[in-house]
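Report on one structure; see the data block that follows.
These numbers come from the heavy atoms of this one structure, side chains and all, not from hydrogens, waters or symmetry mates. Letters go in sequence order (proteins before strands), and every chain restarts at 1.
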There are 2 protein chains.
Amino acid sequence: MPRPARTNTAEEILEVASRLVQTRGFNGFSYADVAVEIGTTPAALHYHFATKADLGLALVQRYVSGFRGALDEIRTSLPDGRTRLDAYRDLYLDVLARRRLCLCGMLAAEIATLTEPMRAGIVGFFDDNVAWLEQTIADGNADGSIRAKRGPRETAEAIVGGFEGAMLLAWSHDDPARFRRAADHLLALLTGDPGGK
Amino acid sequence: MPRPARTNTAEEILEVASRLVQTRGFNGFSYADVAVEIGTTPAALHYHFATKADLGLALVQRYVSGFRGALDEIRTSLPDGRTRLDAYRDLYLDVLARRRLCLCGMLAAEIATLTEPMRAGIVGFFDDNVAWLEQTIADGNADGSIRAKRGPRETAEAIVGGFEGAMLLAWSHDDPARFRRAADHLLALLTGDPGGK
DNA sequence: GTCTATAACGAGATAGAC
DNA sequence: GTCTATCTCGTTATAGAC
């Protein structure tokens, strides 16, 4: 048995490739990098994902789908808007704790070099996040856990942008606590939390 | 005269390479891309910048130095803290108007693939921005144009992160107005501007 | 001092074996 | 259906001509 049985090679490839994209960028890794980690050859990978763009699209879809699941879970399990926003912040914090950047944040920077299907997936990720936050903020305004200073849509856009940027800064400084501080600061001000000062 | 006289080839290279990095990332362009634009060969570029890492470091230093000059100009020409923050926002808006991303924001995402001198320059850029903002916010608190909800340092970090993220989102959506909205929203809340609601 | 010719390597991809 | 052997091209870099 020269190699452990591989029941789901495609998923193995996706997991390794996702980490590489989230740390090095789509143009910062090669099939060879993935191959060496899972113990195969670059050429073998082409059976599972014919082109690098195909692999990239699968990565985006997998990430979007995973994030969507986490958002649904937050909505069904947590009672009020403000608590849900903290859980949303924790999703980002978890990514940083694994020493990665948001897959779609990384790809957003490189978007000019990507195929149209990948672009659509990345833009869709942010739109989906904004829509979820918009609803969550509206819910929070209604249940009294939030007093947003501006409209739900504008507040939602500020949160996604603010979180992605805080993540990028924390990532480049290798300091997840920096994200936590900035995210809590933003959430407090955007949602009218009096705890600030 | 097969080719126009070239008085400053190095600067020509830097200008083209900077645009390529700011739109495609450091791992998304090659010497060949630069060479074709300025009408020379990839190999010729190696005389001016021996390695790609050398070119990258020169790009960071040039960008940091240019931004530093703009910050100094804002401080000497504008009277109060709040007005200076608007001018700071306009620096980002100018980059987006030229259909580019912040050079250091782009490189921050790719930082794991870069040399140590480049990394230091990128981290230094953000630290320099935070320090300038910190002073500007302190000035604004003193001159009455700002009522920051939290400490100058924390506010400064939130602005840099918030602006970089808003820029990334506006960039990937190809919509500079989106940055303008988010940036003004953040500035208003962070600096205690009552104009919001 | 500046660029040309060319090397050495790594990238993504293909054809066909099993 | 899955992987091996191989290919072609693009990439960074060097050596040496001018």
Closest non-hydrogen atom pair between A/R150 and A/T155, with its separation: O-OG1, 3.5 Å
Which pair of non-hydrogen atoms, one from B/G28 and one from A/N27, has the smallest distance, and what is that distance? CA-ND2, 4.0 Å
Any side-chain N or O of A/T41 less than 4.0 Å from the OP1 or OP2 oxygen of D/dT4? yes
Which part of the nucleic acid, if any, lies within contact of [X], taking any heavy atom under 4.0 Å across all strands shown: a base, the sugar-phosphate backbone alone, or nothing?
X: B/F29; result: sugar-phosphate
X: B/S30; result: sugar-phosphate
X: B/Y47; result: base

Under a 4.0 Å threshold between the charged nitrogen and the carboxylate oxygen, would A/R82 count as salt-bridged to A/D143? no
Any chance you could lay out the salt bridge (Lys or Arg N to Asp or Glu O under 4.0 Å) test for B/R62 and B/E15, step after step, and finish with the verdict? CA-CA 10 Å; B/R62 178 174 175 272; B/E15 181 49 45; 2.7 Å; yes
Here the distance between atom P of C/dC9 and atom CG of A/D33, to the nearest Å, is 18 Å
Nearest whole Å is fine: how far is C/dG10 P from B/N27 CG? 16 Å
Proximity to the side chain of [X] - top-ranked nucleotide from [options]:
X: A/H48; options: D/dT11, D/dA5, D/dC3; result: D/dC3
X: B/H46; options: D/dA13, C/dT4, C/dG12; result: D/dA13
X: B/A44; options: C/dA5, C/dA13, C/dC3; result: C/dC3
X: B/Y31; options: D/dT12, D/dT14, D/dC3; result: D/dT12

